[in-house]
Amino acid sequence: MSQTPDSAVRTYIEQHRAAFLDDLAAWLRIPSVSARPDHAPDVRRSADWLAGKLQDIGFPTVEVWQTPGAPAVFAEWPSDDPHAPTVLVYGHHDVQPAAREDGWDSDPFEPVVRDGRLYARGAADDKGQVFFHTLGLRAHLAATGRTAPAVGLKLLIEGEEESGSPHFRALVEERAGRLAADAVIVSDTGMWSEDTPTVCTGMRGLAECEIRFHGPDQDIHSGSFGGAVPNPATAAARLVAALHDEHGRVAVPGFYDGIVELTDRERELFAELPFDEESWLRTAKSYATHGEAGYTTLERVWARPTAEVNGIGGGYQGPGSKTIIPSTAMVKLSFRLVAGQDRDHIEKAVRAWAAEQVPAGIRCEILFGSATRPCLTPLDHPALRSVARAMGRAFEKPVRFTREGGSGPAADLQEVLGAPVLFLGISVPSDGWHAPNEKVELDLLLKGVETSAYLWDDLARNWRTAP
């Protein structure tokens, strides 16, 4: 099997660049804001627009999948090689709300190009990064002379990611047979910087809870009763104080059970990144780093589990004083989880730990919300190696590896489909996701096109799924 020629790919991309950008601009003009009910018709129009474009490209199967919320787009193009792997590309076509008065220099839904950058809501998050696959696929076919991709190719482009993906897992479970794949490519992510192309290898999971403390049946006088009955606000404060030990480790017994530890090689790769801690602190609007002892800042935010206090309250909050023992108090906690941690185990561990922190006379109620599982792909996985090689060819630079500290729907795909998740994105931190003047660097967008063009051939040559 011959390798996709670089010169042919680049020539094809250059010849079709203008039409590609015109099409992307047309899609960006559709204000597919999933969080706004009045934009529901626009989200549907966005799905229909993408479905039509995928049909034009040649996908033999294109469907708009309805959900109780916004529609998703599914497309499939089988390979003519029965032993080639099948790859599912995930992204989303909905966008964050945006208005000129938010601080935009131009209409957020009227794309403009300035200084090699395309400005519009969704330019980077995520329409631009979904759309680069369309030209990449066409370049792959043209450069190799194929009539079908070198891999079985599927696309699932969600319509509710910016609203928390409330119906996504149910959709994946319902359509798991249609979505079956050997690997998942998530193109809703970014790189370290314009000069440092990177591939993300994993994301942390998330579990959240609210703990409510109930003491007296009503607020009572602190002079008449203080020091003689338990105070729920004090109980909340003591629980928060007990959440970490003196080394910054989470003090919940069993919290670290089963976690996949960083390998020495992963720590070396993280250390190779051009990380400026002072600059990072400025971005964080903070003045010192802090966290679990024995780990660097990047290791803490990418590869270690955490427990954070997101909110705490109880008692009188108004001006002046009100000398009471409050009837109630509350704490909101979130736990970022890493590979090997089980959300059900974490919930049980937190419940048992919290019960031990609460004194007699205080009733404790713990409410957990839905959780997201972590995902991690080993560095030696053949699909990950293909992504790194394809990106290295496009950028003509060594590709380094990162992880993401946040969470997303990728873990649902990994868990339901049983397939490794790989992240392929070309966005950079300055692109301003969710902010005014969101943009994408056009040179990087076209590098994403080129990476996509190389990737399918590389996967087919280096990862066979049957004898």
Side-chain angles (χ1 to χ4, degrees), residues 24 28 89-96 98 116-133 135-136 157-158 161-162 165 184-204 206 269-270 272-276 279-280 282-284 297-299 301-303 336 372 374-377 384 387-388 390-392 394-395 397-411 413 421-452 454-455:
L24 175 57
L28 292 169
V89 174
Y90 166 85
H92 62 91
H93 66 93
D94 64 319
V95 299
Q96 282 279 311
R117 302 178 177 97
L118 174 62
Y119 290 86
R121 176 59 87 222
D125 181 23
D126 183 36
K127 289 179 177 177
Q129 299 203 91
V130 167
F131 205 59
F132 74 58
H133 284 290
L135 182 54
I157 311 303
E158 184 190 358
E161 194 275 344
E162 298 294 7
S165 302
V184 176
I185 301 290
V186 173
S187 286
D188 183 23
T189 185
M191 307 191 308
W192 179 264
S193 70
E194 295 180 41
D195 299 324
T196 308
T198 54
V199 175
C200 177
T201 64
M203 296 183 72
R204 294 192 293 190
L206 175 64
L269 291 170
F270 287 0
E272 290 176 359
L273 291 164
F275 178 63
D276 183 334
S279 175
W280 181 87
R282 288 193 294 272
T283 301
T297 297
L298 289 182
E299 290 168 356
V301 297
W302 287 349
R336 297 289 176 173
T372 302
C375 58
L376 177 66
T377 300
L384 179 61
V387 172
M391 182 173 274
F395 281 84
K397 289 183 177 181
V399 172
R400 304 191 187 280
F401 296 92
T402 64
R403 294 194 199 177
E404 291 283 348
S407 306
L413 292 166
V421 172
L422 300 313
F423 297 85
L424 171 55
I426 49 75
S427 184
V428 290
S430 63
D431 283 345
W433 291 26
H434 299 196
N437 297 314
E438 179 185 344
K439 56 85 175 172
V440 68
E441 301 283 337
L442 290 181
D443 287 347
L444 297 185
L445 185 65
L446 295 175
K447 290 297 184 185
V449 172
E450 192 176 343
T451 300
S452 176
Y454 300 142
L455 178 57

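All values reported here derive from a predicted model rather than from experimental measurement.
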Non-hydrogen side-chain atoms of [X] and [Y] separated by less than 4.5 Å:
X	Y	result
W302	C200	no
F401	L384	yes
F395	I426	yes
V199	L424	no
L269	R400	no

Handout entry: Test log, rule side chain to side chain donor-acceptor pair (under 3.5 Å), inputs S165 and E158
Key = CA-CA 8 Å; S165 302; E158 184 190 358; 2.7 Å; yes
Working to the nearest 0.5 angstrom, can you tell me the gap between [X] [atom1] and [Y] [atom2]?
X	Y	atom1	atom2	result
M391	M191	CE	CE	6.0 Å
D125	K439	CG	NZ	13.5 Å
E194	K447	CD	NZ	13.0 Å
S427	Q129	OG	CD	5.0 Å
R403	M203	CZ	CE	12.5 Å
D94	R121	CG	CZ	11.5 Å

Minimal non-hydrogen separation, [X] against [Y], with atom names:
X	Y	answer
S430	E441	OG-OE2, 4.5 Å
H92	D126	N-OD2, 3.0 Å
Y119	N437	CD2-O, 3.5 Å
A124	W433	CB-NE1, 3.4 Å
F423	C375	CZ-SG, 4.0 Å
K397	D195	NZ-O, 3.3 Å

Practice task
Start with the C-alpha gap between F132 and L444, add the side-chain angles, then the distance that decides, and say whether side chain to side chain contact (heavy atoms under 4.5 Å, CB included) holds.
Solution key: CA-CA 10 Å; F132 74 58; L444 297 185; over 6 Å; no
Exercise for the section: Please check if the side chain of R117 supplies one atom and the backbone of D431 the other of a donor-acceptor pair under 3.5 Å. Expected result: no
Exercise for the section: Please confirm whether the backbone N or O of W192 pairs with a side-chain atom of T198, one donor and one acceptor, at under 3.5 Å? Expected result: yes
Exercise for the section: Applying side chain to side chain contact (heavy atoms under 4.5 Å, CB included) between T402 and each of T196, L273, L298, report the one that passes. Expected result: L273
